[in-house]
Amino acid sequence: MPELPEVETIRRDLETILLERTIQSLQVKDLSVLTGIGPKGQPRRRISAPQFKSKILGKTVQKFDRRGKYLIMEFSDGTALVFHLRITGQLLVAPLNYPERIRFDFDEGQRLYFTDRRRFGEVIFSENWKALPEIVSLGVEPINEALSGEYLKSIFRGRSAPIHSILLNQKLVSGLGNIYVTEALFQAGLRPKRPCGKIPFSKLSELSQSIRQVIADSIEHRGYSMNTYVDAMGKKGRSQLFSKAYGKDGLPCPRCGATFKRIVLAGRGAVFCPRCQE
DNA sequence: AATGGCCTGGTG
DNA sequence: CACCAGGCCATT
């Protein structure tokens with residue numbers, strides 16, 4: 001559930017607390033956070049806790065970066081830890097409800113807890129994070145002019161898939177999940193099922209603005225905290241208070257009063273107003 | 001392009 | 001008790 005605005009909020013939090021700090025010790029309580037869990041429950045990468053520790057101990061944090069939904073803790077020697085929170089992952093500087101899977105102890109007493117109710121979240125150590133395949137394959141960031149009507153036109157051309165599914169594809173646009181795709185399509189007045197290749201340019205231009213707007217607003221509200229998301233201090237965001245369509249199945253549309261409908265596209269729920277989204 | 005698997009708390 | 005959400009990768 002953490003999408004771009006949630007990850008960005010955590011990034012900014014960590015930046016204020018852990019920059020220039022050195023890792024003194026760490027505890028790996030669940031190795032699968034490091035190896036990942038693949039098909040048939042098999043580990044996706046081969047790494048041991050001692051191996052991981054030897055790479056991390058004594059390193060100093062130089063920068064926190066973000067690419068799509070990935071959060072990167074970059075060390076002064078150029079190596080990095082790349083976090084993905086998937087659905088229920090949390091990065092906290094204060095312990096919360098459930099036990100941590102990894103804990104980092106810093107030189108001035110700060111602690112960083114990685115928790116995850118389920119076990120989809122991952123941490124990858126990399127000597128050159130920008131070259132990781134999962135990073136290289138990411139599409140443009142939806143926070144600035146890179147996500148223009150022209151860009152949308154170029155990635156939609158020749159495709160007939162529903163626009164909702166296309167916008168969830170991280171290789172085309174990185175950082176959007178179900179919440180913000182739902183909100184952006186509502187704001188732009190586009191039906192989730194609309195085949196993306198046949199949308200007029202003026203509408204794409206509008207959509208690009210809606211996406212950027214929805215993301216910027218949510219960063220300002222510090223993320224959507226209906227479920228497990230909290231910031232690095234363990235505090236909830238307020239974006240859920242402003243959501244217009246996501247999670248509103250069966251409720252009246254604030255724009256026209258019709259009842260929101262929910263359909264399933266590529267296995268994901270999409271909520272929309274059947275009257276004012278075309 | 002669509003489907004299944006990964007995991008587990010929450011809902012029907 | 002069965003089943004689903006959620007992001008992403010692997011397989012079809």
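Throughout, protein chains are lettered first and strands after them, A, B, ... in sequence-line order, and every chain is numbered starting at 1.
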Report the residues that fulfil ring-ring contact (aromatic ring centres under 6.0 Å, His included) with F120(A), sequence neighbours left out, ordered by chain and then residue number.
none
Protein N or O to nucleotides 10-12 of chain B N or O, pairs below 3.5 Å:
none

Could you pull out all residues at least two apart from [X] that satisfy salt bridge (Lys or Arg N to Asp or Glu O under 4.0 Å)?
X	answer
K244(A)	none
R45(A)	E122(A)
R12(A)	E8(A)

Could you give all pairs that pass the salt bridge (Lys or Arg N to Asp or Glu O under 4.0 Å) test and reach residues 50-63 of chain A, with sequence neighbours left out?
K59(A)-D77(A), K63(A)-D65(A)
Take the C1' atoms of the five end pairs on each side of the helix from dA1(B)-dT12(C) to dG12(B)-dC1(C), get both axes, and report the angle to 10 degrees.
60°
Indicate every side-chain donor-acceptor pair of residues 141-150 of chain A with a distance under 3.5 Å to a residue at least two apart or in another chain.
residue: E141(A); atom: OE1; partner: R66(A); partner atom: NH1; Å: 2.8
residue: E141(A); atom: OE1; partner: R66(A); partner atom: NH2; Å: 2.9
residue: E141(A); atom: OE2; partner: R67(A); partner atom: NH1; Å: 2.9
residue: E141(A); atom: OE2; partner: G68(A); partner atom: N; Å: 2.8
residue: N144(A); atom: OD1; partner: A146(A); partner atom: N; Å: 3.0
residue: S148(A); atom: OG; partner: E150(A); partner atom: N; Å: 3.4
residue: S148(A); atom: OG; partner: Y151(A); partner atom: N; Å: 3.0

Take the protein atom CZ of R45(A) and the nucleotide atom C1' of dC6(B), then report the distance between them rounded to whole Å.
14 Å
Write down the distance between CG (D30(A)) and P (dC7(B)), rounded to a whole number of angstrom.
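Those two atoms, CG and P, are 10 Å apart.
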Under 3.5 Å, which donor-acceptor pairs link side chains of residues 258-265 of chain A to any protein atom two or more places apart or in another chain?
none

Return a table of donor-acceptor pairs under 3.5 angstrom between the side chains of residues 191-210 of chain A and protein atoms on other chains or two or more places apart.
residue: R191(A); atom: NE; partner: Q277(A); partner atom: O; Å: 3.0
residue: R191(A); atom: NH2; partner: P274(A); partner atom: O; Å: 2.7
residue: R191(A); atom: NH2; partner: Q277(A); partner atom: O; Å: 3.4
residue: R194(A); atom: NH1; partner: E278(A); partner atom: O; Å: 2.5
residue: K203(A); atom: NZ; partner: A188(A); partner atom: O; Å: 2.8
residue: S208(A); atom: OG; partner: S205(A); partner atom: O; Å: 2.7
residue: S210(A); atom: OG; partner: E206(A); partner atom: O; Å: 3.1

When S165(A) and R101(A) are each assigned the nearest nucleotide of DNA chain B, the 5'-most assignment goes to S165(A)
Which pairs with one or both residues in residues 229-241 of chain A pass side-chain hydrogen bond (donor to acceptor under 3.5 Å, both in side chains), sequence neighbours excluded?
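Found S218(A)-S239(A), R222(A)-D231(A).
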Between I17(A) and M233(A), is any pair of side-chain heavy atoms under 4.5 Å apart?
yes
Where along nucleotides 2-12 of chain C does protein come under 4.0 Å, by heavy atom, of base (B) or sugar-phosphate alone (S), with - for untouched nucleotides?
---BBBBSS--
